[in-house]
Amino acid sequence: MNRFLIILLVLIFTAPVFSSPAFESKIPEEDNLVETTLKDKNIEKPYIHLEYNYEDLEAIPLRVSIKERIKSEKDLYEGQVVEFIVQKSVYENNKVKIRRGDIIKARVSTIITSGMNGIPASIIFDDFKIDGITPGQVTDTLEVFGQDRTYFVFPLKWALTFLPPTGSLTNFIKGGHVRVRTNKIFTLYYHPKWL
């Protein structure tokens with residue numbers, strides 16, 4: 001009951017303060033900042049590509065595999081160029097656009113090492129270069145993960161929580177390293193109507 005009275009009194013005595021003209025917003029009559037900085041400047045709009053349909057969702061799967069085996073994320077460095085091999089030809093308008101066996105070059109953009117609690121390592125590839133295809137027509141990135149051990153780490157952590165310090169011991173279980181074999185097939189997507 002005392003809290004209710006205190007809140008009621010606060011609302012009664014502060015209501016005139018919030019409704020007073022001092023709290024009303026005032027619109028400036030003159031904006032000097034805009035006048036001094038933008039008055040005589042010519043602002044150009046960025047170039048807009050109107051030659052293709054941004055809403056087009058047509059995508060042709062592009063199956064690739066890595067050329068050389070990766071045994072761990074320590075085998076690579078960020079910025080390194082890695083080669084992929086096309087596993088199946090891609091056709092567009094009954095013509096071969098990308099042939100089976102063609103080499104696609106990609107760049108290693110990010111390497112994430114394995115973390116605690118079973119979180120796996122991962123490698124992100126981007127900047128795929130294919131002859132005759134602009135970079136905007138192919139999937140931007142490809143991320144490859146190591147073994148995810150969180151599926152058994154978190155249940156184990158919760159099972160051990162009845163003994164206070166033992167649940168924290170699972171923090172030291174690390175996730176798996178990235179291992180990519182040459183027979184592992186990844187799917188990128190080629191968008192023929194994009195840039």
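Everything quoted here is computed from the prediction, not taken from an experiment.
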### Query
So with a 6.0 Å cut-off around CG of N183, is the heavy-atom count from everything else above 12?
yes
### Message
Side-chain heavy atoms nearer than 4.5 Å, only ILVMFWY residues, links allowed to pass through others: does that put F84 and V86 together?
### Response
yes
## Note on the structure
Note: with side-chain heavy atoms under 4.5 Å as the link, the other cluster members for I103 come out as I85
### Message
Quick check: do V82 and K105 have side-chain heavy atoms less than 4.5 Å from each other?
### Response
no
### Pairwise side-chain contact, N117 with F154, heavy-atom cut-off 4.5 Å (strictly under)
yes
### Message
Is it true that S89 and R99 share a donor-acceptor pair across their side chains at a distance under 3.5 Å?
### Response
no
### Query
Do the side chains of I60 and Y91 get nearer than 4.5 Å, heavy atoms only?
no
### Query
In Å and rounded to the nearest 0.5 Å, what is the CG to CD distance from D75 to Q80?
8.5 Å
### Query
If only atom types and distance count, is the side chain of D148 paired as donor or acceptor with the main-chain N or O of T150 below 3.5 Å?
yes
### Task
First locate atom CD of E83, then atom NZ of K67, and finally report the distance between them rounded to the nearest 0.5 Å.
4.0 Å
### Minimum heavy-atom distance P120-G146, with the two atoms named
CB-O, 3.6 Å
#### Entry: I185/V64 under side chain to side chain contact (heavy atoms under 4.5 Å, CB included): CA gap, chis, key distance, verdict
CA-CA 6 Å; I185 295 179; V64 297; over 6 Å; no
Under 3.5 Å, side-chain donor or acceptor atoms of residues 172-182 against the rest of the protein: list the pairs with distances, not counting sequence neighbours.
{"from": "H177", "atom 1": "ND1", "to": "E73", "atom 2": "OE1", "distance (Å)": "3.3"}
{"from": "H177", "atom 1": "ND1", "to": "E73", "atom 2": "OE2", "distance (Å)": "2.9"}

### Query
Taking C-beta and beyond as the side chain, do I123 and V108 meet within less than 4.5 Å on heavy atoms?
yes
### Side-chain heavy atoms of S65 within contact of F186, under 4.5 Å
no
### Query
Out of curiosity, does V144 fall in the hydrophobic cluster containing F128 (side-chain heavy atoms, cut-off under 4.5 Å, transitive links)?
yes
#### Entry: L62 side chain near I104 side chain, heavy-atom distance below 4.5 Å
yes
### Query
Do the non-hydrogen side-chain atoms of E143 and F145 ever get within less than 4.5 Å of each other?
yes
### Task
Please round to the nearest 0.5 Å and tell me the distance separating atom CD of Q137 and atom CG of L188.
13.5 Å
### Task
Spell out, as yes or no, whether a donor-acceptor pair under 3.5 Å connects the side chain of E78 to the backbone of I111.
yes
#### Entry: Residues R100 and D102 bridged, charged N to O under 4.0 Å
no
## Note on the structure
dist D126:CG -> T110:OG1 (nearest 0.5 Å) comes out at 7.0 Å
#### Entry: side chain to side chain contact (heavy atoms under 4.5 Å, CB included) evaluation trace for V96 with V90
CA-CA 6 Å; V96 177; V90 173; over 6 Å; no
### Summary
The reported gap from OG1 in T141 to CZ in R107 (rounded to nearest 0.5 angstrom) is 11.5 Å
### Query
Are I70 and L76 side-chain neighbours, meaning at least one heavy-atom pair lies under 4.5 Å?
yes
